[in-house]
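Take a look at the structure below.
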2 protein chains.
Amino acid sequence: MTAIETLPLARKLGAYMALSQAERTLISDLHQSCKPVAAGRRLVDQGQSNHLAYILSAGWACSYKILPNGARQIVDFHIPGDFLGLRHVLLHTSDHTIESITDSEVADVPVKELLEILSRNPRLVTAVLWAASRDEAMVVEHLVNIGRRSAVGRMAHFLLELGSRLKLVGLGDKQGYVCPLTQYHLADALGLTAVHVNRVLRQLRENGLLTFRHGVVTFDDYHALSTMADFDPTYLDQAGTTSIVTMRNRCPAQ
Amino acid sequence: MTAIETLPLARKLGAYMALSQAERTLISDLHQSCKPVAAGRRLVDQGQSNHLAYILSAGWACSYKILPNGARQIVDFHIPGDFLGLRHVLLHTSDHTIESITDSEVADVPVKELLEILSRNPRLVTAVLWAASRDEAMVVEHLVNIGRRSAVGRMAHFLLELGSRLKLVGLGDKQGYVCPLTQYHLADALGLTAVHVNRVLRQLRENGLLTFRHGVVTFDDYHALSTMADFDPTYLDQAGTTSIVTMRNRCPAQ
DNA sequence: CGTAGTGTTGACCAAATTCAATATCTGTGG
DNA sequence: CCACAGATATTGAATTTGGTCAACACTACG
């Protein structure tokens with residue numbers, strides 16, 4: 001078992017609120033069955049319910065929906081420390097598929113155990129609720145991105161957002177990051193075709209804004225890129241720490 | 001004060017799980033200050049935090065984001081019984097604006113009170129978390145809609161979804177419903193221009209699928225419309241009641 | 001090697017936008 | 001009750017964006 005401090009989920013929730021020793025132990029308990037998963041394996045299936053939630057410890061994954069016409073829309077990418085299938089567990093239906101992109105490691109969490117832990121720990125529920133809210137904020141930003149930005153703007157904004165998320169867990173910086181996504185992944189996430197993704201990437205490269213080659217995203221001009229993409233990482237910030245602190249002072253902890 | 005049974009929020013949460021008398025009373029307490037709001041008034045402002053959540057008792061509202069270039073993306077429309085500003089309260093920042101579309105009635109809920117109620121009532125937290133999850137499911141569907149469907153498909157799917165939601169609160173049926181949205185609202189929600197919205201509506205009308213005129217949506221051929229739009233209302237269903245019960249019983253296994 | 005997945009590019013096409021002009025509706029004041 | 005203004009809806013023509021089809025290059029890996 002890994003030391004509690006290095007568990008991505010603990011680190012993530014810990015960024016929201018200070019965790020008591022008991023709470024840390026509970027989170028640790030959720031990681032009992034951490035196991036490797038090969039790339040391309042489906043963890044949650046659209047339309048089915050396998051009653052498991054996962055914590056992604058290592059690797060990349062994505063959530064997507066397949067339309068009857070065969071088109072795929074990727075809703076979100078998941079990086080280490082992310083909770084997988086949370087909504088799936090709560091709604092009891094799987095409205096989308098979650099699939100590993102790279103070889104990964106996941107801890108699967110039985111629903112029963114999760115619900116018991118949460119029902120006994122209102123503070124933890126609050127933290128999880130907050131993590132879920134942050135996820136929704138990302139989906140909303142994604143929606144705005146697809147609905148109201150040009151292809152180039154979408155791409156720039158998306159790669160910047162991914163950079164911010166990765167920086168938070170120590171997997172990237174303002175220079176860039178390692179990124180296992182194919183142009184097909186990008187296309188299905190951004191509502192474009194793979195061919196057009198290629199052209200857009202070329203355009204960004206030729207304009208000296210960013211380079212995405214050989215699995216590496218390099219920000220050639222971070223400032224100019226942020227400007228042209230209207231990128232504002234506020235919605236990702238953990239400014240929430242302040243928020244939760246406020247919340248904790250107002251309501252009696254349990 | 002209205003009888004608890006007729007409060008939209010109570011009705012909504014009650015569809016998820018049976019509510020105890022104490023819980024009903026708590027929900028009723030949240031409606032202390034129900035007041036009228038004129039059309040076009042902003043309730044929550046992008047970038048500000050006014051620390052209030054609302055329950056929409058009557059009328060229509062919408063959440064949207066304005067991009068620096070002036071474009072607007074409507075994230076969701078709200079109808080009676082919807083919770084407004086939930087994420088806003090939890091994240092302590094307002095990442096989007098919520099505005100009334102018609103003259104409406106809202107009950108504003110002070111954050112402090114809401115948090116106190118939730119921290120003392122884990123079951124209620126679960127219900128709220130679930131309502132929030134349903135909202136996210138709608139945003140996800142919206143994302144898929146914009147990312148991977150043609151303009152006509154988007155419009156059809158969107159108007160069908162709205163019909164399902166309204167039917168749930170008794171404001172519409174398979175024939176159609178009264179709808180105060182302008183073509184600009186539709187455009188900003190679907191990532192189109194108002195001009196193109198007009199053409200798309202004409203096309204749907206001329207194909208005998210649906211008519212949207214003078215503030216009324218009429219389904220001329222519900223079945224054909226659902227088919228062409230790949231509409232599957234599963235993600236809106238309240239099958240959840242079963243879900244929560246089942247979740248308690250099931251488990252481990254894979 | 002050879003194959004499958006991925007990336008790259010060009011020529012052509014379709015969908016949606018933009019610009020612009022009118023029409024219609026709705027509420028308001030005279 | 002009518003005239004008017006502002007918002008909303010409708011339509012056409014020209015343009016842009018992104019998609020489709022097709023060919024080929026590069027890379028990794030058995």
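Below, read A as the first sequence line, B as the second, and so on, with proteins coming before strands; counting in each chain starts at 1.
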Check the distance between [N]'s [atom2] and [X]'s [atom1] and give it to me in whole angstrom.
X         : N       : atom1 : atom2 : value
His214(B) : dA7(D)  : NE2   : C1'   : 16 Å
Gln203(B) : dG12(D) : CD    : P     : 14 Å
Ile101(A) : dT6(C)  : CD1   : P     : 11 Å
Arg149(B) : dG18(D) : CZ    : P     : 21 Å
Asp188(A) : dG19(D) : CG    : C1'   : 14 Å
Arg205(B) : dT11(D) : CZ    : P     : 7 Å
His196(B) : dA14(D) : NE2   : P     : 19 Å
Asn69(A)  : dT20(D) : CG    : P     : 11 Å

[X] side chain: which of [options] is closest?
X         : options                   : answer
Arg199(A) : dG7(C), dT20(D), dG12(D)  : dT20(D)
Arg213(A) : dT8(C), dT6(C), dT18(C)   : dT8(C)
Ala151(B) : dG19(D), dA16(C), dG7(C)  : dA16(C)
Asn198(B) : dT10(D), dT20(D), dT17(C) : dT10(D)
Leu192(B) : dG7(C), dT20(D), dA16(C)  : dA16(C)
Val195(A) : dA16(C), dA22(D), dA9(D)  : dA22(D)

Review point. Would you call Arg205(A)-Asp220(A) a salt bridge at under 4.0 Å N-O?
Key: no

Review point. How do Leu201(A) and Arg148(A) order along DNA chain C: which one's closest nucleotide is nearer the 5' end?
Key: Leu201(A)

Practice item. Run the numbers on Arg154(A) and Glu161(A) for salt bridge (Lys or Arg N to Asp or Glu O under 4.0 Å), then give the verdict. Key: CA-CA 10 Å; Arg154(A) 276 181 229 184; Glu161(A) 173 187 306; over 6 Å; no

Check your understanding: How far apart are the C-alpha atoms of Arg165(B) and Asp76(B), what are their side-chain angles, what is the distance that settles it, and do they pass the salt bridge (Lys or Arg N to Asp or Glu O under 4.0 Å) test?
Key -> CA-CA 12 Å; Arg165(B) 289 174 61 191; Asp76(B) 202 3; 3.3 Å; yes

Revision key, fill the gap. Side chain to side chain contact (heavy atoms under 4.5 Å, CB included) with Leu201(A): of Arg213(A), His196(A), Met155(A), only one passes, and it is Met155(A)

Exercise for review: Could you go through the side-chain hydrogen bond (donor to acceptor under 3.5 Å, both in side chains) check for His223(A) and Ser226(A) one step at a time?
Suggested key: CA-CA 5 Å; His223(A) 184 69; Ser226(A) 299; over 6 Å; no

Practice item. Quick one: label Gly191(B) by what it contacts on the DNA or RNA (base, sugar-phosphate, nothing), any heavy atom closer than 4.0 Å. Key: sugar-phosphate

Review point. Hey, does the side chain of Gln183(A) come within less than 4.0 Å of dT8(C)'s phosphate (OP1/OP2), counting only N and O?
Key: yes

**Study point:** Any Arg202(A) side-chain nitrogen or oxygen under 4.0 Å from OP1 or OP2 of dT9(C)
**Key:** yes

